[in-house]
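In what follows, a structure is listed as structure tokens, so that the remarks can point back to it.
To find a chain, count down the sequence lines: A is the first, B the second, and so on, and within it residues start at 1.
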Number of protein chains: 2
Amino acid sequence: MPPPVRVLLADDHPIVRSGLRHELDQAGDLLVVAEMSRVCAILDRVRQEGPDVAVLGVEFPDGNGIEACRQIKASCPQTAVLIFTAFDQDTYLAQAWAAGAAGYLVKGVDLDVVIEAIRRVARGEQTYTPEQLRRIRAWQERVEKPLQSLTARETEVLKLMADALTNTEIAERLHVSLKTVETHVQQVRRKLGLESRRDAIAWASHIRSLQP
Amino acid sequence: MPPPVRVLLADDHPIVRSGLRHELDQAGDLLVVAEMSRVCAILDRVRQEGPDVAVLGVEFPDGNGIEACRQIKASCPQTAVLIFTAFDQDTYLAQAWAAGAAGYLVKGVDLDVVIEAIRRVARGEQTYTPEQLRRIRAWQERVEKPLQSLTARETEVLKLMADALTNTEIAERLHVSLKTVETHVQQVRRKLGLESRRDAIAWASHIRSLQP
DNA sequence: CAAAGATTAGGGTAAAACCCTGATGACAAA
DNA sequence: TTTGTCATCAGGGTTTTACCCTAATCTTTG
């Protein structure tokens, strides 16, 4: 009998941890070696336990599981990370991929899919579906590239636009003239290929990477 | 030994159903009599099984658990409904209360709280915390009352404003003149006590009851 | 029928967004 | 050093949008 796959679980919902714990127990070849409800504890425990797989949620009260994934891959690359979340959003999916996660599972999937995904990432495989890979590529093309084409100042202005500030208010906030802000706004619209300020706001508002 | 509390579970995440099933099994006095992943099946099963308690999520792919609660209370009032959701939002909390739910639990709470809440609602008690009741009253005062003061047309216009349409576009959509729309917008702002169109949009956007 | 309120609309002003051009300064390649 | 590129800044002028007022219909209800 091969040694069991050592798994770390992190989710802010006790009921999800309970479900995962029971299902992993029942699988036989999977062993839960650590369990936590907050991101701040994840990195330390990964270093302590050196699990084969870390199953992480995304939105925690005290932080973000994808950021935790990035840290894990930086300091314990031998631990595979599987993102397991309720949020089926391209932003998170693409970010998880970029952070080195071996897979991204939505909580709506069946439990045998979760179990099998843990086994696969423990073997060093990835579990992204072709559809997910397509979505990641499309996101990079449609959002990340255009976003990188913006200058620091333009991104700053776009964030303030997304907060529904007028150009006048943005100008006050940044201590520059109204005309300057108008120029930045026009540049943002041009670079993103958007017709109106309104479209720019809509574009920005579903880009979670802009929020912080 | 008293007869067990008969419980129906509905949640779109298999992992949550699994966790609840195991925890209820372990409690001893709680019996899961039905389990489902979609709202459309809830009402039929409640009628069939006549459970003591229905534990419902809120956002399902095919509908809304709070709406299901309303239907249950209309046709099987003896079944207590406990909302169990990840969304800790005043809109949902107040809607659940209005729909006759006996309690509103956020998924972040400890499992013993969930178990005890099921026992309590089975005995006919409510599980709203004083803080939750305060939030419900504040919501009614701050949102529901002002919203009810709007006419049908004004609510319609507010929805379109929240979709970031300009007054001109709203006028086209409703086949009325720009001037008419401007009047409605002004009325909305007056009734809600808001300074600007922008504030009205912000007000509307976090009112989930306006979205559909 | 009379009063109240909902829906419609127009006139006029202020503000915001949007188009163009252009100056300055930093930095890197020729 | 010079020259080209680009980020940042800014103004002139136009169009669009929002906002203020008043007021005519139409519906509903006491």
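- At a threshold of 4.0 angstrom between heavy atoms, the contacts of A:His184 are confined to the sugar-phosphate backbone, with no base atom among them.
- Minimum atom distance to the side chain of A:Arg189 is reached by C:dC18, of the listed C:dA16, C:dA6, C:dC18.
- Heavy-atom minimum distance, A:Leu82 versus A:Tyr104: CD1-N, 4.4 Å.
- With hydrogens and angles ignored, a donor-acceptor pair under 3.5 angstrom links the side chain of B:Thr183 to the base of C:dA9.
- Residue B:Thr180 places at least one side-chain N or O under 4.0 Å from the OP1 or OP2 atom of C:dA9.
- Under 4.0 angstrom from either OP1 or OP2 of C:dA17 there lies at least one side-chain N or O belonging to A:Asn167.
- Among the nucleotides D:dT8, D:dC21, C:dC19, the one closest to any side-chain atom of A:Glu182 is C:dC19.
- Using a 4.0 Å heavy-atom distance criterion, A:Thr151 is classed as a sugar-phosphate-only contact.
- What separates CZ of A:Arg197 from C1' of D:dT15 is a distance of 16 Å, to the nearest Å.
- Rounded to a whole Å, the CZ atom of A:Arg153 is 10 Å from the C1' atom of D:dC9.
- Put simply, the side chain of B:Lys73 gets close to the backbone of B:Thr79: a donor and an acceptor are under 3.5 Å apart.
- In this structure, the CG atom of A:Leu178 is 16 Å from the P atom of D:dG13, given to the nearest Å.
- Here the C1' atom of nucleotide D:dC21 and the CD atom of B:Gln186 are 8 Å apart, to the nearest Å.
- In this structure, the CG atom of B:Leu174 is 17 Å from the P atom of C:dA6, given to the nearest Å.
- Of the side-chain N and O atoms in A:Thr168, one or more sit less than 4.0 angstrom from OP1 or OP2 of C:dA16.
- Comparing atom distances between the B:Val185 side chain and each of D:dC19, C:dC19, C:dT7 picks out D:dC19 as nearest.
- For the pair A:Ile170 CD1 and C:dA17 C1', the computed distance is 12 Å after rounding to whole Å.
- Separation of atoms NE2 (A:His184) and CD (A:Gln186) is listed at 12.0 Å; rounding is to 0.5 Å.
- The CD atom of A:Gln187 sits 16 Å away from the P atom of D:dA10 (whole-angstrom rounding).
- Looking at heavy-atom distances under 4.0 Å, B:Arg190 makes contact with sugar-phosphate atoms alone, never a base.
- Between A:Glu169 and B:Arg198 a salt bridge is recorded (basic side-chain N to carboxylate O distance below 4.0 Å).
- Between A:Arg21 and A:Glu35 a salt bridge is recorded (basic side-chain N to carboxylate O distance below 4.0 Å).
- Per the geometry, CG belonging to A:Leu158 stands 14 Å off P belonging to C:dA17, to the nearest Å.
- Here the side chain of A:Lys179 is nearest to one of C:dG10, D:dA7, D:dA10, namely D:dA10.
- OP1 or OP2 of C:dG10 has at least one side-chain nitrogen or oxygen of B:Ser177 nearer than 4.0 Å.
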